[in-house]
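Throughout, protein chains are lettered first and strands after them, A, B, ... in sequence-line order, and every chain is numbered starting at 1. These numbers come from a predicted model, not from an experiment.
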Amino acid sequence: MSTVALTHAPGQSRAVPRLLIGLAFALTAIFVVAPLAFIFWRAFAEGWAVYLKNIADPLVLHAIWLTTLVAVIVVPVNIAFGIAVAWAIARFRFPGRKLLMVLIEIPFSISPIIAGICYLLLYGRQGLLGPWLAAHDLKVMFALPGIVLVTMFVTAPFVVREVLPLMQAQGSEQEQAAVTLGARGWQVFSRVTLPNIRWALLYGAVLCTARAVGEFGGVSVVSGSIRGQTNTLPLQIELMFNDLNTTGAFAAASTLTVIALVVLVVKAALESRR
Amino acid sequence: MSIVIEHMTKSFDGTAVLRGIDLTIESGELVALLGPSGSGKTTLLKIIAGLEWPNSGRLAVHGADWLHLAAQDRRIGFVFQHYALFPHMSVRDNIAFGLSVRPRAQRPGKAVIAAKVDQLLEFLQIAHLGDRYPAQLSGGQRQRVALGRALAIEPTVLLLDEPFGALDAAVRRDLRAWLRQVHDETGSTTIFVTHDQEEAFELADRVVVMGEGRIEQIGNADQIHDHPASPFVARFMGATIELPVMLQAGRAEAQGLDPSRLPRRALPDGPATLFLRPADVTPLADPAGRWQVAHRTSNGALLRLELTDGTGQFGIDLPRRAPEAQGLVPGARVNLRPEAGTIFPGPRALASQAATAAFPRKEKSL
């Protein structure tokens with residue numbers, strides 16, 4: 001009898017798994033790592049000084065500020081919306097429940113640019129609500145409200161998608177237990193429901209943030225790309241690129257990438273906690 | 001606290017789950033709701049708890065109408081089948097939960113709550129587990145914590161849904177005796193739901209047998225065992241043999257059947273059905289007997305003989321060393337002498353209206 005440790009079934013070649021693993025690494029390197037590395041390489045191509053000057057450009061700073069502002073508005077709203085919808089779907093049976101589940105997924109399946117155009121047709125000057133908005137001196141299109149609305153549309157499913165499966169899997173017994181122990185609605189939510197979904201909620205919020213910060217297609221339709229006013233960071237990058245300010249574009253892109261990488265690290269940390 | 005339930009009905013999406021329940025439970029009683037799954041016992045328990053509402057009927061506890069009272073205001077202790085402990089709280093915080101969510105004016109001070117929790121941990125024999133989290137506990141320990149959490153609010157009524165269903169046999173036996181002790185010491189009115197007869201009879205003062213949304217019988221172990229009120233109860237209590245007989249002067253007669261051990265019954269003459277438990281039948285070897293032994297299996301102590309008369313087959317149990325058992329090999333012919341049984345008037349088709357398929361027949365474990 002041989003006592004050699006068998007790490008694989010006898011007669012089966014080790015070549016195939018090795019090939020596949022190698023392929024996975026190679027493809028990741030070519031399609032993901034290389035372009036990212038290239039961004040930083042180009043951003044710093046002309047040295048730190050130029051990089052900092054590019055970042056400190058008032059237009060870039062404004063774009064960073066605007067992007068942050070949009071995320072700060074959109075993410076909390078989406079968290080509230082996500083919890084409300086997940087709660088409704090997971091805990092209650094009502095007519096239209098299935099329809100609601102489908103509707104929530106729509107932003108994932110529709111191209112963001114279509115969302116942008118829909119909003120333009122609805123709120124734009126020639127749009128359905130345009131005359132009414134103009135009469136009340138409300139500016140939605142080519143202004144912050146439009147950008148926020150479109151970003152909300154695009155990011156709407158993230159929190160629900162994370163929280164709903166968890167709430168469905170956990171069922172409502174813990175909440176019922178809390179009720180029999182005398183807890184009121186808000187106590188049940190804050191002391192039982194919320195702690196149970198907190199990691200999924202954070203995870204959804206992180207994904208939502210990443211998307212809100214990086215959103216381009218929908219926002220480009222409704223923002224009007226007014227420099228220093230309605231240009232978010234992705235739009236600013238495109239603009240600089242079109243202006244043939246390649247180094248500047250890459251510098252701005254690198255800040256966006258850093259934001260994305262930070263989010264990614266947070267997400268990975270959250271995943272390991274779950 | 002006495003509980004009075006009157007004419008209670010409940011249906012889910014048009015399916016009747018409770019079809020008119022009338023039940024009175026005295027203060028301090030320990031009552032089991034026993035029945036197969038789908039009999040409505042858990043629904044009844046949840047209605048008492050305020051987690052479900054009936055379509056019609058009355059629920060009064062100590063004279064107060066509970067159907068106008070939210071679950072939060074009923075002060076019941078409810079123990080869920082799968083415990084429903086709060087996973088993000090320590091054992092201590094789980095038990096303290098009911099006290100800590102009270103409105104500020106009624107909430108005991110932190111020290112009072114902590115003392116109460118200590119006392120309960122001691123009482124539940126889990127004093128060493130106070131700082132653990134539910135995920136770090138065994139099933140039996142979780143059950144104790146769940147009970148502690150329910151007891152902390154000093155409930156007027158204690159309700160338990162399949163309290164031992166998710167535990168293995170040894171732990172189950174332990175906890176059963178312990179729950180009885182808890183009930184006696186707290187003096188609460190306790191209702192628990194189970195599908196396990198042994199558990200129901202061993203633990204409860206009274207057992208309420210439920211089937212398909214109705215109460216089939218209320219009584220103690222002996223009453224229900226010896227005098228099942230309906231074919232449903234007879235089957236549920238393990239009478240798996242149903243023989244068509246003719247009643248004549250109160251005696252059940254059928255070919256191959258020796259009714260000498262069965263008492264005469266005050267029932268009208270005519271077709272009837274005799275319900276028998278496999279262990280309550282003595283086989284009498286007879287070369288011209290009605291039944292033939294088809295199979296013979298043994299578990300060492302008991303023999304199981306499968307008998308057939310060409311139209312139907314059933315199994316009987318007898319001690320392996322019993323004198324009657326000798327020579328009863330496959331092919332041998334026998335008649336039967338029931339030692340105990342229950343007779344319901346009407347041919348078998350009528351007597352067995354309660355759908356046999358609707359409930360799992362529990363074989364007695366040998």
Side-chain angles (χ1 to χ4, degrees), chain A residues 79 82-83 86-101 159 162-205 269-274, chain B residues 12-13 42 45-52 69-90 93-104 106-108 133-134 142 145-162 166:
Chain A
I79 288 175
I83 293 174
W87 175 288
I89 291 177
R91 294 290 178 265
F92 303 101
R93 297 285 171 276
F94 51 90
R97 183 172 162 271
K98 287 257 163 66
L99 183 68
L100 189 59
M101 288 170 80
V159 175
E162 289 301 320
V163 172
L164 180 58
L166 187 66
M167 286 183 90
Q168 281 176 325
Q170 284 179 339
S172 55
E173 280 209 338
Q174 286 180 36
E175 286 155 11
Q176 290 186 343
V179 165
T180 63
L181 291 165
R184 305 284 147 186
W186 171 250
Q187 290 174 316
V188 175
F189 178 75
S190 65
R191 298 193 50 176
V192 177
T193 312
L194 200 54
N196 270 330
I197 59 169
R198 62 186 190 271
W199 296 117
L201 192 62
L202 257 169
Y203 187 59
L270 286 178
E271 269 180 340
S272 69
R273 286 211 58 161
R274 290 214 285 188
Chain B
F12 288 114
D13 300 326
T42 297
L45 197 74
K46 289 201 162 174
I47 288 174
I48 299 172
L51 297 172
E52 295 281 358
L69 216 53
Q72 285 99 332
D73 302 318
R74 292 187 186 188
R75 249 208 192 190
I76 38 119
F78 197 103
V79 177
F80 288 82
Q81 184 176 2
H82 300 289
Y83 323 126
L85 295 176
F86 307 129
H88 56 283
M89 294 182 201
S90 68
D93 290 342
N94 263 282
I95 294 176
F97 185 87
L99 297 172
S100 66
V101 295
R102 290 211 181 143
R104 200 169 293 273
Q106 300 162 30
R107 197 186 309 159
Y133 283 83
R142 285 180 206 183
V145 176
L147 192 59
R149 186 177 66 176
L151 290 174
I153 60 171
E154 291 171 7
T156 52
V157 179
L158 187 59
L159 307 171
L160 304 103
D161 185 11
E162 298 273 5

Check: For residues 78-90 of chain B, which residue pairs qualify under salt bridge (charged side-chain N to carboxylate O under 4.0 Å, His left out), counting only residues two or more places apart or in two chains?
Finding: none
Next item on the list: Go through the structure and list residues passing side-chain contact (heavy atoms from CB on, under 4.5 Å) with B/Glu52, not counting sequence neighbours.
Entry: B/Lys10, B/Phe12, B/Lys46, B/Ile47
Item checked: Rounded distance [0.5 Å steps], CD in A/Glu173 versus CG in B/Asp161 -> 7.5 Å
Check: Looking at B/Ser100, B/Ala152, B/Pro103, which has the largest count of heavy-atom pairs under 4.5 Å with chain A?
Finding: B/Ser100
Margin query: Could you report the tightest heavy-atom contact between A/Thr180 and B/Ile153, atom names first, then the distance?
Written below: O-CD1, 3.9 Å
Check: Which bit of B/Ala150 is near chain A, if near means a heavy-atom gap under 4.5 Å: side chain, backbone, both or neither?
Finding: backbone
Notebook entry, point to check: So which bits of residues 72-80 of chain B come within less than 4.5 Å of chain A, counting non-hydrogen atoms only?
Noted result: B/Gln72, B/Asp73, B/Ile76, B/Phe78, B/Phe80
Next item on the list: Over all heavy atoms of both residues, which pair between A/Asn196 and B/Pro87 is shortest? Give the atoms and the distance, please.
Entry: OD1-CG, 3.3 Å
Checklist line | Interatomic spacing from CD in A/Gln174 to CZ in B/Phe97 - rounded to 0.5 Å | finding: 10.0 Å
Next item on the list: Go through the atoms of A/Arg191 and report whether side chain, backbone, both or neither lie under 4.5 Å from a heavy atom of chain B.
Entry: both
Checklist line | Residues forming a side-chain contact (heavy atoms from CB on, under 4.5 Å) with B/Tyr133, sequence neighbours excluded | finding: B/Ser90, B/Gln136
Notebook entry, point to check: Quick one: what part of B/Leu85 sits under 4.5 Å from any heavy atom of chain A, side chain, backbone, both or neither?
Noted result: backbone
